[in-house]
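Structure first, then comments.
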Number of protein chains: 2
Amino acid sequence: MDRPDETGGGTGPTRGREATRARILASAKELFTNEGYGSVSSRKIAAHAGVNVALINRYFGAKRGLLTELLREDGVYPGLIVDGPHDQLTRRLAEHAVSRLHGEGTALQRALDDSAGDPDLRSVYQGRITSAMIEPLAAYLGGPEQRAHALLLASVLLGIARVRLVEGAGALCEMERETIIRRVQELLELCLKDFEDGDAA
Amino acid sequence: MDRPDETGGGTGPTRGREATRARILASAKELFTNEGYGSVSSRKIAAHAGVNVALINRYFGAKRGLLTELLREDGVYPGLIVDGPHDQLTRRLAEHAVSRLHGEGTALQRALDDSAGDPDLRSVYQGRITSAMIEPLAAYLGGPEQRAHALLLASVLLGIARVRLVEGAGALCEMERETIIRRVQELLELCLKDFEDGDAA
DNA sequence: TTGACAAGTCAACACTGTTTACATATACCT
DNA sequence: AGGTATATGTAAACAGTGTTGACTTGTCAA
């Protein structure tokens, strides 16, 4: 009943396992990239990979497991933006947000951004936002208000991502790029201000 | 083949029509409120309303038509926040956003907020954000940069709404309410600054 | 050779939203 | 009145979906 852990201890893993796993994952990646998560069915992925449908669930538990794995492997949402000097954090984040606003990044990133609202993926993205965005930011920031600061940063960043999906949001893209980056950076810096200051503008 | 426009010119409409329409809509409202859009099937709504499933599509075109109608009737997203003095707009918006952050508002509002990501509802919410949020804001603000300003405001507001769905976002709710309102208000005011000012902090 | 077990297959299950063809009742008009 | 067009309601199916369980095949070890 209990399976010996995956590939056991031999030199090469049981040949089929990792090979099929990889083929399924590659197909999912390609199809999700081109058509989005919700528009691609399990059967379509299986057919594209030349494997049986049931194997998706065997190897990834469920359809959403494919996306979880893609997020994990590719590190689609880079936590690496926190790497770098502290005093340039907001600049880095602003550049990142604006580049996303322009629909830059890999096709997969774009596709997964667009699929982020799917109910089936809710828990996946929820966990991902927490573990790959808010928590690293909070840790990077430090201080007693780190979590609140990180959440405010996330609000602005996620909000910008969301507005991109709205028709007519191109108005922001048509502006001078440096202008909008600078404004976003100002917003992010305001997010980080200590909360003790009572003097609102 | 071509139907005379609905109820023709008579005094009272054909009795069944509006009655069943109303019953379906009431059932949808109740079920969406308690279980969310995605978790409630057409058949469940029909059964709850005591009508045939096909009537949902007859009267509302499709399932999403029910939600469109609910949004329209209830005015779930109030455009009325723009009513009031100009110099208090950001305060009103900030209070609104923070109250949403605390999960206040009607149960239906909360439920629909949570269902906003559903792919089936994407076009509905997209149109609604544009027509009930960005455009009224832009018109209210005026000026050559009205659209960019409105989009930035929307980013912050939508971002806050989004962060609410994340576990551990309670950190913002645990703070003094007035403090967070004030910070959000500062963010919104920064969104409205002219873009000509080149002096970033 | 004989097991044991992993890998792969097939067909079904329980759903979903939606549509089509049909039955029924209502209202109007001659 | 009768007859008919039309609005309203019904039943059943369609074409999908994700997922599961029972079965067959293949491969390696004792």
Side-chain angles (χ1 to χ4, degrees), chain A residues 1-24 27-28 31-32 35-68 115 118-124, chain B residues 1-24 27-28 31-32 35-68 115 118-124:
Chain A
M1 292 300 170
D2 60 331
R3 299 167 180 167
D5 197 20
E6 306 256 302
T7 63
T11 58
T14 316
R15 213 178 55 251
R17 185 178 178 86
E18 294 212 5
T20 4
R21 236 191 83 103
R23 260 190 311 155
I24 293 173
S27 294
L31 293 172
F32 288 166
E35 311 178 29
Y37 178 83
S39 308
V40 180
S41 70
S42 302
R43 284 172 178 84
K44 191 167 188 174
I45 297 170
H48 187 277
V51 305
N52 194 281
V53 209
L55 294 183
I56 291 180
N57 290 345
R58 174 189 286 287
Y59 289 129
F60 298 94
K63 189 188 170 190
R64 88 174 61 83
L66 285 169
L67 195 129
T68 308
S115 302
D118 198 296
D120 188 40
L121 301 178
R122 182 154 167 166
S123 62
V124 176
Chain B
M1 291 305 170
D2 61 329
R3 300 166 178 166
D5 195 20
E6 307 256 301
T7 62
T11 57
T14 316
R15 212 178 56 253
R17 183 178 181 86
E18 293 213 6
T20 27
R21 235 191 85 100
R23 260 192 308 156
I24 292 173
S27 293
L31 292 173
F32 287 166
E35 311 177 30
Y37 178 84
S39 308
V40 180
S41 70
S42 303
R43 284 172 177 83
K44 192 168 187 173
I45 297 170
H48 187 276
V51 305
N52 193 284
V53 208
L55 294 183
I56 292 179
N57 289 348
R58 175 188 286 290
Y59 289 129
F60 298 94
K63 188 190 171 189
R64 88 173 62 82
L66 285 169
L67 195 129
T68 308
S115 302
D118 197 296
D120 188 40
L121 300 178
R122 182 154 165 166
S123 63
V124 176

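Just so it is clear: chains get the letters A, B, ... in the order the sequence lines come, proteins before strands, and each one is counted from 1. Nothing here was measured: the structure is a model prediction, and the numbers come from that model.
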Could you check whether any side-chain heavy atom of B/Phe60 comes within less than 4.5 Å of a side-chain heavy atom of B/Thr68, counting everything from C-beta outward?
no

For B/Ile56 and C/dT19, what is the distance between atoms CD1 and P respectively, to the nearest whole Å?
13 Å

Could you check A/Gly61 against A/Lys44 and say which one's nearest nucleotide on DNA chain D is further toward the 5' end?
A/Lys44

Spacing between B/Phe60 atom CZ and C/dT19 atom C1', to the nearest angstrom
18 Å

Do B/Pro119 and A/Ser39 have side chains that approach each other closer than 4.5 Å (heavy atoms only, starting at C-beta)?
no

Does the side chain of B/Phe32 reach to within under 4.5 Å of the side chain of B/Leu66, using non-hydrogen atoms?
yes

Using only side-chain N and O atoms of A/Asn52, determine if any of them is under 4.0 Å from OP1 or OP2 of C/dG8.
no

Look at the side chain of A/Ser115 and the backbone N and O of A/Tyr37, then say whether any donor-acceptor pair between them is shorter than 3.5 Å.
yes

Atom-to-atom span, CZ of A/Arg58 to C1' of D/dT25 - whole angstrom:
12 Å

Rounded to whole Å, CG of B/Leu55 lies from P of D/dA12 at a distance of 15 Å

Quick one: is D/dG9 close enough that its OP1 or OP2 comes under 4.0 Å of any side-chain N or O from B/Thr20?
yes

Closest to the A/Ser41 side chain, choosing from D/dT17, D/dT20, C/dT16
D/dT17

Roughly how many Å is it from CG in A/Asp118 to C1' in C/dT16, rounded to a whole number?
14 Å

Donor-acceptor check, side chain of A/Arg64 to backbone of A/Leu121, threshold 3.5 angstrom: yes or no?
no

Please round to 10 degrees the angle between the axis of the first five pairs and the axis of the last five pairs in the helix from C/dT1-D/dA30 to C/dT30-D/dA1.
30°

Main-chain N/O of A/Val40 paired with A/Lys63 side-chain donor or acceptor, under 3.5 Å
yes

Categorize A/Tyr59 for me: base, sugar-phosphate, or nothing, with a 4.0 angstrom heavy-atom threshold over every strand shown.
sugar-phosphate

To the nearest Å, give me how far apart CG (B/Leu31) and C1' (C/dT16) are.
16 Å

Rounded to the nearest angstrom, tell me the gap between atom CG in B/Asn57 and atom P in D/dT10.
15 Å

Nearest to the side chain of B/Lys63 - C/dT18, D/dG9, D/dT19?
C/dT18

Which whole-number value in Å describes the distance from A/Glu18 CD to C/dG8 P?
12 Å

N or O in side chain of B/Ser42 less than 4.0 angstrom from C/dT16 OP1/OP2:
no

Taking only the side-chain heavy atoms of A/Arg43 (C-beta and beyond), determine which of D/dA11, C/dT18, D/dT17 contains the nearest atom.
D/dT17

Heavy-atom closest pair (B/Tyr59 atom, B/Arg17 atom, distance to 0.1 Å) is CE2-NH1, 3.2 Å

Regarding A/Ala54, tell me which of base, sugar-phosphate or nothing describes its non-hydrogen contacts under 4.0 Å with the strands shown.
base

